[in-house]
Novice: 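I am attaching a structure below and will ask some questions about it afterwards.
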Amino acid sequence: MSEYVHTCMIRGDGGRTIRAVLDRICDKWTLLIVTTLEQGRLRFTDLQRQVPGISQRMLTLTLRNLERDGLVSRTVYAEVPPRVEYALTRNGESLIPPALALAGWAIEHISDIEASRAAYEERTG
């Protein structure tokens, strides 16, 4: 392996490729949507109900990006009114274990992080 195996330079493009993927995965809504879809196919309104605080516009934009990146599939049923369902693809499903690991890390370390934040605020005013 190259000398950059442990850095963002691993792709040899200054980290642009990795940053683009991580920007998508680590945005405010993606992991919440992906982990919600882990339970199975959901209609847009059901998904919006289960992701607290997300606006219709943000859900639409995030789902489009996830579909474009191949993490979510969108199925339109020819009914009146039209029914649209979203589901994880295999790539989307493969994101669940690292997402849960990251969430577990956050839960395990939140008290230390909050203490560090309070100490920083106290030092810097």
Novice: Less than 4.0 angstrom from a charged side-chain N to a carboxylate O is my criterion; do Arg49 and Asp46 meet it?
Specialist: yes
Novice: Would you compute the distance between atom CD of Glu93 and atom CD of Glu38 and round it to the nearest 0.5 angstrom?
Specialist: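 Glu93 CD to Glu38 CD: 8.5 Å, rounded to 0.5 Å.
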Novice: Please tell me if the side chains of Ile54 and Gln48 come closer than 4.5 Å, counting only heavy atoms from C-beta onward.
Specialist: yes
Novice: How far does OG of Ser55 sit from CG of Leu61, to the nearest 0.5 angstrom?
Specialist: 8.0 Å
Novice: Please report the shortest heavy-atom distance between Ala87 and Arg41, naming the atom on each side.
Specialist: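 Shortest heavy-atom separation between Ala87 and Arg41 comes out as CB-CG, 3.7 Å.
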Novice: Run through Leu66, Val34, Leu95 and flag the one making a side chain to side chain contact (heavy atoms under 4.5 Å, CB included) with Ile25.
Specialist: Leu95
Novice: Do Leu42 and Glu85 come close enough that some side-chain heavy atom pair is under 4.5 Å?
Specialist: no
Novice: Does CD belonging to Gln39 count more than 12 external heavy atoms closer than 6.0 Å?
Specialist: yes
Novice: Considering only heavy atoms from C-beta outward, does the side chain of Ile96 approach that of Thr35 to under 4.5 Å?
Specialist: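 Contact flag for Ile96/Thr35 side chains = yes.
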Novice: Under a 4.0 Å N-O cut-off, is there an ion pair linking Glu121 with Arg123?
Specialist: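 No.
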Novice: Can a side-chain donor-acceptor contact be found between Thr62 and Asn65 if the only test is distance below 3.5 angstrom?
Specialist: no
Novice: Can you confirm whether more than 12 heavy atoms, excluding those of Tyr120, are under 6.0 Å from its OH atom?
Specialist: no
Novice: I'd like to know if Val76 and Val72 are part of one continuous hydrophobic network [Ile/Leu/Val/Met/Phe/Trp/Tyr, side-chain heavy atoms within less than 4.5 Å].
Specialist: yes
Novice: Which residue in the set Leu59, Thr75, Leu37 passes side chain to side chain contact (heavy atoms under 4.5 Å, CB included) when paired with Tyr86?
Specialist: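 Between Tyr86 and the candidates, side chain to side chain contact (heavy atoms under 4.5 Å, CB included) is satisfied uniquely by Leu37.
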Novice: Are the side chain of Thr89 and the backbone N or O of Ser73 linked by a donor-acceptor pair below 3.5 Å?
Specialist: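 Such a contact is absent between Thr89 side chain and Ser73 backbone.
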Novice: In sequence, state the C-alpha distance, the side-chain angles, and the governing distance for Val84 and Arg74, and then conclude on side-chain contact (heavy atoms from CB on, under 4.5 Å).
Specialist: CA-CA 7 Å; Val84 179; Arg74 178 178 185 264; 3.7 Å; yes
Novice: Yes or no on side-chain contact (heavy atoms from CB on, under 4.5 Å) for Glu122 and Arg117, after CA distance, side-chain angles and deciding distance?
Specialist: CA-CA 9 Å; Glu122 198 171 296; Arg117 288 176 179 172; over 6 Å; no
Novice: Let me confirm one number: the CG-CZ distance from Leu71 to Arg68, rounded to the nearest 0.5 Å.
Specialist: 10.0 Å
Novice: Could you see if Trp29 belongs to whatever hydrophobic cluster contains Leu22? Use Ile, Leu, Val, Met, Phe, Trp, Tyr and a side-chain cutoff under 4.5 Å.
Specialist: no
